[in-house]
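Read through the structure below, which is laid out as structure tokens, and then see the notes.
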Amino acid sequence: MIDLFSTPRVKNLLPKYTQFINEEVIPLEMKLLEVSDFQQHENLLFQLREKAKKMGLWAPHLSEDEGGLGLDLVEFAQISEVMGNTPFGHYAFNCQAPDIGNMELLESYASEEIKSTFLAPLQEGKIRSCFSMTEPEHAGSNPKYLSTTATKEDDHYVINGHKWFTSSADGASFAVVMAITNPEAESPYERASMIVVPTDTPGFELVRNIPIMGEEGAGYVSHAEIKYTNCKVPMANLIHEEGQGFMLAQQRLGPGRIHHCMRWIGIAERALDLMCKRAAFRQISTREVLGDKQTIQNWIAESRTEINASRFMVLHAADKIEKHGSKASRVEISSIKYYVANVLQQVLDRAIQVHGALGITDDLILSWWYRHERGARIYDGPDEVHKSVIARSILKNY
């Protein structure tokens with residue numbers, strides 16, 4: 001990987017994860033994606049997870065006391081890249097979004113009751129979860145602007161609202177819901193709270209899995225529209241304190257963007273590998289292959305350089321988060337979020353172009369990533385918002 005950020009643990013674990021991904025997960029990925037009924041494949045995924053546990057590779061992000069390997073953010077980021085080589089890499093080790101973000105959130109801020117009821121089985125891989133914040137009626141780029149409410153009734157919250165892009169809600173056991181609990185708070189940043197809502201609660205309605213460029217997906221590989229209608233949960237399901245939802249969202253997003261970016265780098269590495277194999281062996285005449293053409297060579301060189309730059313940027317950001325926290329690393333986090341998302345789009349597009357007609361078919365994994373990762377430049381903050389954060393920080397010095 002990169003000696004500058006490597007550790008003895010990473011050097012020991014990286015070959016093991018690489019072998020597991022290449023030999024156990026990638027051979028199954030097209031089968032796992034070929035039908036919309038995710039439930040049909042849960043047994044295969046369960047078997048992968050059991051193998052990961054037996055090999056001592058389970059949940060590298062969790063502490064050893066919680067059944068994991070105790071890697072810090074920088075170490076896990078390097079392992080996360082390898083997992084990103086396939087859509088089910090993170091799932092095989094129980095460190096997939098949105099569950100990993102919810103684990104980190106609940107571990108740091110939830111009550112002991114919430115931890116025992118929801119966090120423990122989530123860490124063990126017995127259940128899945130989802131994160132319910134974005135609303136179709138409002139700009140997702142402004143998390144202060146919400147309509148979903150949680151009003152107090154005796155010792156319960158009654159939640160009413162409309163959410164969408166609640167990823168992986170299909171089959172999830174609970175949602176972490178962002179809702180307005182303190183509408184009269186002077187600061188708009190102190191009006192929302194986060195509440196755990198079991199998905200079997202009356203009033204929780206999964207309306208649909210939203211089609212992504214024509215593919216609605218299922219189970220873990222889906223994005224749901226949710227309606228909360230008089231959805232009643234105990235006040236004990238509150239995470240941390242009332243009015244702290246925005247703060248919690250920011251804490252969740254810092255490490256979360258590291259996770260996403262390293263996964264994207266893993267995707268880009270796989271796409272570049274496919275591009276190079278195609279360029280080296282695809283004949284365009286009896287004397288030439290695609291790789292003989294300067295345009296193709298340019299794409300390969302540009303992709304290699306951009307991926308390397310992305311990796312250093314992300315690991316530098318992860319290191320700063322570890323040492324100084326997410327708030328102090330805001331510019332670095334925004335920088336990697338928009339930059340790596342764009343590198344991913346460019347590398348995928350070049351790889352598809354090099355494959356010609358084959359590239360846009362579902363015979364290869366490239367088309368699936370092209371559909372589902374276009375959102376990388378939108379979710380967790382669109383490019384434009386992150387660029388504005390960076391520019392405003394720079395201009396303060398003038």
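Atom set for the values below is all heavy atoms of this structure, side chains included, hydrogens, waters and symmetry mates excluded. In this chain, residues are counted from 1 in sequence order.
- Taking a 6.0 Å sphere around NE2 of His156, one finds it holds more than 12 heavy atoms contributed by other residues, nucleotides or ligands.
- Here the side chains of Ser193 and Leu238 are in contact, with some heavy-atom distance below 4.5 Å.
- Note on ring orientation: taking the six-membered ring where Trp is involved, the planes of Phe88 and Tyr91 are perpendicular (angle over 60°, cut-offs 30° and 60°).
- Checking side-chain atoms of Ser173 against main-chain N and O of Ile127 turns up no donor-acceptor pair under 3.5 Å.
- With contacts defined as side-chain heavy-atom distances shorter than 4.5 Å, the pair His259/Glu104 qualifies.
- Between the Ser393 side chain and the Ile390 main chain, no donor and acceptor come within less than 3.5 Å of each other.
- Heavy atoms only, all atoms of each residue included: Leu105 and Met194 are closest at CD2-SD, 3.7 Å.
- Under 3.5 Å, the side chains of Ser147 and His162 contain no donor-acceptor pair of N or O atoms.
- Using a 3.5 Å distance cut-off with no hydrogens or angles, the side chains of Asn342 and Gln345 do not pair a donor with an acceptor.
- Salt bridge present: Glu29 and Arg270 bring a charged side-chain N and a carboxylate O closer than 4.0 Å.
- Put simply, the side chain of Ser63 gets close to the backbone of Glu66: a donor and an acceptor are under 3.5 Å apart.
- Within the 3.5 Å criterion, the main-chain N or O of Pro8 finds no donor-acceptor partner in the side chain of Asn12.
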> Under the salt bridge (Lys or Arg N to Asp or Glu O under 4.0 Å) criterion, do Glu225 and Lys163 qualify, and how do the steps go?
Replying inline: CA-CA 6 Å; Glu225 178 183 358; Lys163 302 287 189 179; over 6 Å; no
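- Between Leu57 atom CG and Ile21 atom CD1 the span is 9.5 Å, to the nearest 0.5 Å.
- The neighbour count for Gln353 CD, taken as heavy atoms of other residues, nucleotides or ligands under 6.0 Å away, does not exceed 12.
- Two residues are said to be in side-chain contact when any heavy atoms from C-beta on lie closer than 4.5 Å; Glu50 and Phe46 meet this criterion.
- Using a 4.5 Å heavy-atom cutoff, the side chains of Leu366 and Leu348 are in contact.
- By the 6.0 Å contact criterion, CZ on Arg304 is enclosed, its count of non-hydrogen atoms from other residues, nucleotides or ligands being greater than 12.
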>> Run Leu32 and Val221 through side-chain contact (heavy atoms from CB on, under 4.5 Å) and show every step you take.
In response: CA-CA 10 Å; Leu32 291 169; Val221 192; over 6 Å; no
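- For the atom pair CD of Glu75 and OG of Ser6, the computed distance is 8.5 Å after rounding to the nearest 0.5 Å.
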> Between Asp200 and Phe174, does a side-chain contact (heavy atoms from CB on, under 4.5 Å) hold up when you go through it step by step?
Replying inline: CA-CA 8 Å; Asp200 61 359; Phe174 71 90; over 6 Å; no
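- A cation-pi arrangement is absent between Arg128 and Tyr220 under the rule of less than 6.0 angstrom and at most 45 degrees off the ring axis.
- Side chain of Ser388 to main chain of Glu384: no donor-acceptor pair is present (N/O by atom type, distance under 3.5 Å, no hydrogens or angles).
- Classification of the Tyr17-Phe93 ring pair by plane angle, with boundaries at 30° and 60°, yields perpendicular.
- By the 30° and 60° cut-offs, the orientation of the rings of Tyr228 relative to Phe204 is perpendicular.
- In this structure, Ser326 and Gln250 have side chains that are not in contact, with every pair of non-hydrogen atoms separated by 4.5 Å or more.
- Counted by atom type alone, Glu332 and Ser335 present zero donor-acceptor pairs between their side chains at under 3.5 Å.
- Between Glu306 and Arg350, at least one side-chain N (NZ, or NE/NH1/NH2) sits under 4.0 Å from a carboxylate O, which counts as a salt bridge.
- Ring planes of Trp264 and Tyr379: tilted class, angle from 30 to 60°.
- A salt bridge links Glu24 to Lys51: at least one charged side-chain nitrogen sits closer than 4.0 Å to a carboxylate oxygen.
- Just one residue in the list Glu373, Glu81, Glu269 forms a salt bridge (Lys or Arg N to Asp or Glu O under 4.0 Å) with Arg263, and that residue is Glu373.
- Separation of atoms CG (Asn94) and CG (Leu45) is listed at 11.5 Å; rounding is to 0.5 Å.
- Contact check for Arg311 versus Ile307: side-chain heavy atoms found under the 4.5 Å cut-off.
- Summarising the local packing, CZ of Arg9 is surrounded by more than 12 heavy atoms from other residues, nucleotides or ligands at distances under 6.0 Å.
- Contact check for Asn237 versus Pro198: side-chain heavy atoms found under the 4.5 Å cut-off.
- Asn102 and Ser129 form a side-chain donor-acceptor contact under 3.5 Å, judged by distance and modelled atom types alone.
- The two residues Leu14 and Gln78 have their closest heavy-atom pair at CD1-O, 3.7 Å.
- Between His90 and Phe76, the angle of the ring planes goes over 60°, which puts this pair in the perpendicular group of the 30/60° scheme.
- Connection of Val197 to Met133 is not established within any shared hydrophobic cluster, with ILVMFWY side chains joined at heavy-atom distances below 4.5 Å, either directly or through further cluster members.
- Under a 4.0 Å N-O distance rule, the pair Lys232/Glu153 qualifies as a salt bridge.
- Gln244 and Tyr189 are not linked by any side-chain donor-acceptor pair at a separation below 3.5 angstrom, with hydrogens and angles left out of the test.
- Proximity of Val389 to Arg392: side-chain heavy atoms (C-beta onward) are separated by under 4.5 Å at one or more points.
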>> Checking Met313 against Val340 for the side-chain contact (heavy atoms from CB on, under 4.5 Å) test, could you report, in this order, the C-alpha distance in whole Å, the side-chain angles of both residues, the deciding distance, and whether it holds?
In response: CA-CA 9 Å; Met313 286 177 67; Val340 182; 5.7 Å; no
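- Using a 4.0 Å cut-off between charged nitrogen and carboxylate oxygen, Lys387 and Asp383 do not count as a salt-bridge pair.
- Residues Asn230 and Asn160 have side chains that bring a donor and an acceptor to within less than 3.5 angstrom of each other.
- Taking all atoms of both residues into account, the shortest heavy-atom contact from Leu290 to Val354 is CD1-O, 3.3 Å.
- Residue Lys277 qualifies as open at atom NZ: its count of foreign heavy atoms under 6.0 Å is 12 or below.
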>> Between Val25 and Met83, is the side-chain contact (heavy atoms from CB on, under 4.5 Å) condition met? List the steps.
In response: CA-CA 9 Å; Val25 188; Met83 295 178 186; over 6 Å; no
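- Between the side chain of Asp72 and the backbone N or O of Val74 there is at least one donor-acceptor pair closer than 3.5 Å.
- Under the 4.0 Å criterion applied to side-chain N and carboxylate O atoms, Glu288 and Lys293 are assigned as salt-bridge partners.
- Aromatic ring centres of His240 and Tyr109: separated by under 6.0 Å.
- Taking CD of Glu112 as the start and OG1 of Thr117 as the end, the distance is 10.5 Å to the nearest 0.5 Å.
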